[in-house]
Amino acid sequence: MPPRVRVKVFLDVVEAVVASGATVLLRGARLEQLRRYQDTRGFRDRHTPEQVAFQHLLQRVDRRAGDLEMHALVIADERSDRDRHRERFAVYQAYGTPGTYMQTRLERLLDTVHFAPSHYSRMLQVADLVAFVWVRSQTVDERDHRQARVLSALVSDIESCAYSAGVWP
């Protein structure tokens with residue numbers, strides 16, 4: 001697919017997300033910063049950046065569902081460590097999420113975390129695209145001014161519908 005067509009797809013998808021009124025939640029954890037944080041505080045249990053980001057994301061989905069006085073079902077892209085994430089989810093619901101910041105039992109989240117292959121789900125494909133744009137904006141220094149301009153416009157649109165529970169992102 002030519003670059004112009006790919007760019008148009010990205011612009012159209014992000015525009016559709018914004019127009020839909022959807023809420024975008026973005027969380028991430030950088031490995032080295034997480035290790036330093038865990039080291040300086042003497043954490044007994046070490047969690048991977050993926051586990052930490054997923055916990056933070058679940059906390060924000062729970063908070064957003066509460067703000068809207070709704071419940072939410074979490075569907076995530078299939079991954080090899082899905083059983084570990086389901087186990088953590090069950091622990092969070094039984095005992096609460098670790099730490100004192102945004103500590104919750106995820107009472108607004110229903111059932112368990114459901115994992116599905118993204119190639120069967122347009123919504124997961126949209127989430128993948130939004131995540132790709134966000135991560136790229138945080139990790140890649142665009143050398144081509146046209147790419148930088150398009151990426152900046154995409155990020156601006158994504159941020160316009162991002163939910164911040166006290167911290168961005």
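If you read the sequence from its start, that first residue is 1, and numbering goes on from there.
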TODO: Please report the C-alpha distance between Asp39 and Arg46 in whole Å, then the side-chain angles of each, then the deciding distance to 0.1 Å, and finally whether the salt bridge (Lys or Arg N to Asp or Glu O under 4.0 Å) criterion is met.
DONE: CA-CA 9 Å; Asp39 286 345; Arg46 302 300 171 113; 2.6 Å; yes
Can you find a pair of side-chain heavy atoms, one from [X] and one from [Y], that are under 4.5 Å apart?
X: Phe132; Y: Phe10; answer: yes
X: Thr97; Y: Asp62; answer: no
X: Leu129; Y: Val14; answer: yes
X: Asp111; Y: Leu73; answer: yes
X: Ile75; Y: Met123; answer: no

Task: With Arg79, the side chain to side chain contact (heavy atoms under 4.5 Å, CB included) member among Asp77, Asp83, Asp81 - done: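 Going through Asp77, Asp83, Asp81 one by one, the side chain to side chain contact (heavy atoms under 4.5 Å, CB included) with Arg79 is satisfied by Asp81 alone.
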If I take atom [atom1] from residue [X] and atom [atom2] from residue [Y], how far apart are they, to the nearest 0.5 angstrom?
X: Leu68; Y: Tyr163; atom1: CG; atom2: OH; answer: 8.0 Å
X: Leu154; Y: Gln147; atom1: CG; atom2: CD; answer: 11.5 Å
X: Leu31; Y: Glu50; atom1: CG; atom2: CD; answer: 8.5 Å
X: Thr112; Y: Gln93; atom1: OG1; atom2: CD; answer: 7.5 Å
X: His85; Y: Tyr92; atom1: NE2; atom2: OH; answer: 8.5 Å

Does the [X] side chain pair with the main chain of [Y], one donor and one acceptor, at a distance under 3.5 Å?
X: Ser156; Y: Ala153; result: no
X: Arg64; Y: Thr23; result: no
X: Arg105; Y: Ala94; result: yes
X: Arg82; Y: Phe115; result: no
X: Arg6; Y: Pro2; result: no
X: Gln38; Y: Arg35; result: no
X: Ser137; Y: Trp134; result: yes
X: Glu15; Y: Asp157; result: no
X: Thr40; Y: Arg36; result: yes

Open item on the list: Check the orientation of Tyr37 and Phe43. Use parallel for under 30°, tilted for 30 to 60°, and perpendicular for over 60°.
Closed with: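 Perpendicular, since the angle between the ring planes exceeds 60°.
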In this structure, would [X] and [Y] fall into the same cluster of hydrophobic residues linked by side-chain contacts under 4.5 Å?
X: Val52; Y: Leu57; answer: no
X: Leu11; Y: Ile158; answer: yes
X: Leu25; Y: Val135; answer: no
X: Val9; Y: Val155; answer: yes
X: Leu26; Y: Leu34; answer: no

How close do [X] and [Y] get, counting heavy atoms only, and between which atoms?
X: Arg108; Y: Glu69; value: NH1-C, 3.6 Å
X: Gln59; Y: Thr104; value: CG-CG2, 3.9 Å
X: Arg86; Y: Val113; value: NE-O, 3.2 Å
X: Ala53; Y: Ala29; value: CB-N, 4.3 Å
X: Gly96; Y: Gln103; value: CA-NE2, 3.2 Å
X: Val17; Y: Cys161; value: CG1-SG, 4.1 Å

Task: Steps toward side-chain contact (heavy atoms from CB on, under 4.5 Å) verdict (His71, Glu107) - done: CA-CA 8 Å; His71 287 84; Glu107 293 169 346; over 6 Å; no
Open item on the list: If we count only N and O atoms by modelled type, under 3.5 Å, do the side chains of Gln125 and Ser118 hold a donor and an acceptor together?
Closed with: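 Ser118 and Gln125 do not have a side-chain donor-acceptor pair below 3.5 Å.
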TODO: Decide yes or no on side-chain contact (heavy atoms from CB on, under 4.5 Å) for Leu151 and Arg136, but give the supporting numbers first.
DONE: CA-CA 8 Å; Leu151 188 63; Arg136 185 172 180 96; 4.2 Å; yes
Open item on the list: Between Arg63 and Asp67, is the salt bridge (Lys or Arg N to Asp or Glu O under 4.0 Å) condition met? List the steps.
Closed with: CA-CA 6 Å; Arg63 167 109 19 119; Asp67 291 348; 5.7 Å; no
- [ ] Would you mind checking if Glu142 and Arg149 are paired as a salt bridge, meaning a charged N to carboxylate O distance below 4.0 Å?
- [x] no
Task: Candidate pair Gln51 and Arg84, rule side-chain contact (heavy atoms from CB on, under 4.5 Å), full reasoning - done: CA-CA 9 Å; Gln51 289 173 319; Arg84 176 76 173 137; 2.8 Å; yes
Open item on the list: Between Gln138 and Arg30, is the side-chain contact (heavy atoms from CB on, under 4.5 Å) condition met? List the steps.
Closed with: CA-CA 11 Å; Gln138 301 298 301; Arg30 291 192 166 98; 3.8 Å; yes
